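Please read all numbers here as calculations on a predicted model, not as lab measurements.
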Amino acid sequence: MKITFIDGSIKEYNDGMSSLDIANSISPSLAKKAVFSKVNGENFDLDRPILNDASLELILRDSEEALEALNHSCSHLMASAIKRLYPNAMFGVGPAIEEGFYYDVNPGEGIKITEADLIKIENEMKKIVSENVEFKRQELSKEAALDFFSYDKYKQEIINDLEDGVIISTYTHGDFTDLCRGPHVMSTKLLKHFKLLNISGAYWRGDSKNEQLQRIYGTCFFTEEDLKRHLEILKERAEKDHRKLGRELELFMISEYGPGFPFWLPNGMTLRKQLEDYWYKVHRRENYQFIQTPIMLNKDLWEVSGHWKNYRDNMYTSEIDKHEFAIKPMNCPGGLLVYKHSLHSYKDLPIRVGELGLVHRHEASGALNGLFRVRNFTQDDAHIYMREDQIIEEVGNLIRLFDEIYSVFNLKYHIELSTRPLDKYIGSVEVWDKSEKALADACESVGKSYKVNPGDGAFYGPKLDFKLRDSMNRIWQCGTIQLDMNLPVRFDISYIDENGEKKRPVMLHRAIYGSLERFIGILIEHYGGAFPTWLAPVQVKLIPVNNQYHLDYVEKIKELLLDEDIRVEVDSREEKLGYKIREAQTKKIPYQLVIGDNEVKNNQLTFRQYGKQESTTVSIEQFVMMIKSEIKNLGK
RNA sequence: GCUCCCAUAGUUUAAUGGCAAAAUAAAGCAAUGGUAAUGCUUAGAUCCAAGUUCGAUUCUCGGUGGGAGCACCA
């Protein structure tokens, strides 16, 4: 048979040789690195014979796909260990995920696996690893598979959902066989470096109407170092958890009297204000106008907008003077009332109206999570009304604006274009196609690539989503640009065109931070609480060496800095210098100024930056210039 | 909302069916300092409700809140 390699070279091999045989014939070290292969693009286990001419790609250890196969194999390993410990266990699905794997388990009637049992399971897994058993693929008919898995109702359900006549594969290692597509690593001996992480509930087939299985999460790597590094990262994430830092740095709190309703403490309020000021500043430059619409409006409005029908259960309501009112879950209906308040000429378009709008949504209690998921939050909303021919340019400019703002925070991102849903959508297919193309063209017009999410658009229009990647490699969806074909019709908005006729404008919703609350939560973790100077609640901590002799000079510096709008505090407690330095460091204050005899005598100051060891002595003027320019440049 | 886990000073943690321990923060006193913790003193807590019990912070049950996820996220 002829084997075509990915570099295009073709070689002749005996029929029935496996990928591993071929790899070995090239070089044993290559074979050692191979985890599985792709034959004619199809995933193949290394030991599976190749029967005819084919293309062959070896998937090596250092690739994402290899790690996925490893983790998937590890989920089988875990299932086999569980089966030994809990003989009546049944299994749902057990895939590899972003940073590991999970398996959904029903351990048996009346049995619960708890965190404490994870060690037991890990030990059993280690035993199986040391048994060094191979993963063996088998293929069978649907009927045979149903028969084989007769003991497991979940597997039966999965098999029953497959088409008749399809070939079903199973993988066996040792005494455990699982329904699986593959591919897997050759042997359990590769699965030495794993860790079970946590356990939780998960609905069977992801449907809340179904029973819940126990989902056990774990992670597996090719080397012990990689595993250790990953566990370090998990630890770091826990250290930088915004709920923890929010408490330690006194940024925000959430009271049991209002689950999901964050309180901003003075430090957090300062930080938030910086984000707002910056937002207003760039939006003024981009010719936005600003409004504020009421928190609470008559139910009739929400009937017009359609929210009453669709989201009633998540809206807070109140009866006032026998009229029903609802607290806004979105800003757009209010914004549309403002648009309709006056007539608009085609000459005025695009009209860009921004609103930092506080919205309330009754989220399920279990969904709440620090600042990441709250019940009231502030959207950095804006609605843009324009002519159809303005979409590409306007969206292009928006993308540039998003790019500018994200780069200030050193957040990398990628764009996703979500297109028309399969069935639940309004408007004509032609308009959808045109809109989707406009969004795509806008990306291209500013040289940005995007990934398409087919069918993932809102029912009212396509959208561009901005997925940010933070300093700990997690992805967050914040920004969004959405075309809306629904509300302009429902609210019957119009502009007057050059012929004096009424026309329907195109409406765009967009948010960059998304939600101020959530964005701040992300920033807290992204920066680990060590904010750049422009955002830091306290920018400068002034520390006199001796209160008696140096406090006057310190107060003078404080006044000078305050005059320059620098957020400064004096630590004049009767504590030793080292103590105050330590505290300023733990509070992650960007600049600590130490003032003693030397500074007073020379009319200077000595500063030390957060996280740095060395200190520098400069004149007050030099320091002011330096810190002001840093703040003005937003830390860039 | 669902599954599992958890609830002790402001915070982080300890202990117990019979006076609840410490660190840190706070307050007071002393020490007057040069780059990550000066010493001493004081004050401060068992989430709420019911039950079992002579006695419950501890056991049981309900509630509330929190965590890991699932479902949801216009």
Using a 3.5 Å limit for the pairing distances, which stems of at least 3 consecutive Watson-Crick or G-U wobble pairs does RNA chain B take part in? B:1-7 with B:64-70, B:10-13 with B:21-24, B:26-30 with B:38-42
Review item, nucleotides 40-43 of chain B N/O atoms under 3.5 Å of protein N/O:
none

Without decimals, in angstroms, what is the distance between Arg373(A) CZ and G69(B) C1'? 14 Å
What contact category does Lys112(A) fall into here, base, sugar-phosphate, or nothing, at under 4.0 angstrom with non-hydrogen atoms? sugar-phosphate
Test side-chain hydrogen bond (donor to acceptor under 3.5 Å, both in side chains) applied to Asn369(A) - qualifying residues, sequence neighbours left out: Arg243(A)
For His509(A) and Tyr460(A), take the angle between the two ring planes, folded into 0 to 90°, and tell me which bin it lands in: parallel under 30, tilted 30 to 60, perpendicular over 60. tilted
Is a donor on one side and an acceptor on the other found under 3.5 Å between the side chain of Asn602(A) and the backbone of Gln604(A)? no
How close or far is atom P of A74(B) from atom NZ of Lys328(A), stated in whole angstroms? 18 Å
Holding to side-chain hydrogen bond (donor to acceptor under 3.5 Å, both in side chains), I want the full list of residues that pass it with Asp470(A), two or more places apart in sequence or in another chain. Arg474(A), Trp476(A)
Could you tell me how the ring of Tyr316(A) sits relative to the ring of Phe261(A): parallel (under 30°), tilted (30 to 60°) or perpendicular (over 60°)? tilted
Could you pick out which residue, His362(A) or Asp207(A), lies toward the 5' side of RNA chain B when each is mapped onto its nearest nucleotide? Asp207(A)
Looking at every strand, decide which applies to Ala367(A) at a 4.0 Å heavy-atom threshold: base, sugar-phosphate, or nothing. base
When you measure from the side chain of Arg361(A) to the backbone of Arg375(A), do you find a donor-acceptor pair of N or O atoms at a distance under 3.5 Å? no
Which whole number of Å gives the distance between the C1' atom of U3(B) and that of U57(B)? 27 Å
Determine whether the side chains of Asn453(A) and Glu416(A) contain a donor N or O and an acceptor N or O closer than 3.5 Å. yes
Using whole Å, report how far CZ of Arg490(A) lies from P of A74(B). 17 Å
Does any N or O donor sit under 3.5 Å from an N or O acceptor when you compare the side chain of Arg361(A) with the base of C72(B)? no
Charged N-O contact under 4.0 Å between Lys541(A) and Glu569(A): yes
Going 5' to 3' along nucleotides 31-36 of chain B, which nucleotides have protein heavy atoms under 4.0 Å from the base (write B), which only from the sugar-phosphate (write S), and which from neither (write -)? BBBBBB
Given the P atoms of C29(B) and U12(B), what is the spacing between them in whole Å? 30 Å
Side chain to side chain contact (heavy atoms under 4.5 Å, CB included) assessment of Leu251(A) paired with Phe531(A): CA-CA 12 Å; Leu251(A) 298 169; Phe531(A) 300 106; 4.1 Å; yes
Under 4.0 Å from any atom of RNA chain B, heavy atoms only: list the residues of residues 304-312 of chain A that qualify, in numerical order. His307(A), Tyr311(A)
Which residues pass the side-chain contact (heavy atoms from CB on, under 4.5 Å) test with Ser200(A), sequence neighbours left out? Arg215(A), Tyr217(A)
If you measure from the C1' atom in G33(B) to the same atom in U38(B), how many Å do you get, rounded? 10 Å
Would you please name every residue forming a side-chain hydrogen bond (donor to acceptor under 3.5 Å, both in side chains) with Lys155(A), sequence neighbours left out? Tyr103(A), Asp178(A)
Mind checking what makes side-chain hydrogen bond (donor to acceptor under 3.5 Å, both in side chains) contact with Asp161(A), not counting sequence neighbours? Arg205(A)
Residues two or more places apart in sequence or in another chain: which of them pass salt bridge (Lys or Arg N to Asp or Glu O under 4.0 Å) with Glu115(A)? none
How about Phe623(A) and Phe607(A): are their ring centroids closer than 6.0 Å? yes
Could you state the CG-P distance from Asn369(A) to G66(B), rounded to the nearest angstrom? 11 Å
Take the angle between the ring planes of His230(A) and Phe221(A) and call it parallel below 30°, perpendicular above 60°, tilted in between. tilted
Can you classify the ring geometry of Phe466(A) versus Tyr406(A) as parallel (below 30°), tilted (30 to 60°) or perpendicular (above 60°)? tilted
Under a 4.0 Å heavy-atom cut-off, which of residues 208-220 of chain A touch RNA chain B? Ser208(A), Gln212(A), Arg215(A), Tyr217(A)
Looking at every strand, decide which applies to Tyr102(A) at a 4.0 Å heavy-atom threshold: base, sugar-phosphate, or nothing. nothing
Do any N or O atoms of the protein come closer than 3.5 Å to N or O atoms of nucleotides 7-13 of chain B, and which pairs are they?
residue: U12(B); atom: OP1; partner: Arg247(A); partner atom: NH1; Å: 3.1

From CD of Glu363(A) over to C1' of C70(B), roughly how many Å is that when rounded to an integer? 15 Å
Would you say that His550(A) contacts Asp597(A) through its side chain, given a criterion of any heavy-atom pair below 4.5 Å between the two side chains? yes
Closest to the 5' end of RNA chain B, once Ala202(A) and Ile113(A) are matched to their nearest nucleotides, is Ile113(A)
For G1(B), does either OP1 or OP2 sit under 4.0 Å from a side-chain N or O belonging to Ser365(A)? yes
Classified by glycosidic angle (syn within 90° of 0, else anti), C19(B) comes out syn
Test item: Gln585(A) side-chain N/O and Gly611(A) main-chain N/O as donor-acceptor pair under 3.5 Å: yes
Spacing between Asn106(A) atom CG and C4(B) atom C1', to the nearest angstrom: 14 Å
Within this structure, what is the CG-to-P distance between Asn198(A) and G67(B), rounded to whole angstrom? 15 Å
Distance check, rounded to the nearest 0.5 Å: Met90(A) atom CE versus Asn106(A) atom CG? 4.5 Å
For Phe459(A) and C73(B), what is the distance between atoms CZ and C1' respectively, to the nearest whole Å? 15 Å
Going through the checks in order, is the side chain to side chain contact (heavy atoms under 4.5 Å, CB included) test met by Val540(A) and Arg567(A)? CA-CA 6 Å; Val540(A) 173; Arg567(A) 300 187 288 278; over 6 Å; no
When the P atoms of A21(B) and U42(B) are compared, how many Å lie between them, rounded to an integer? 14 Å
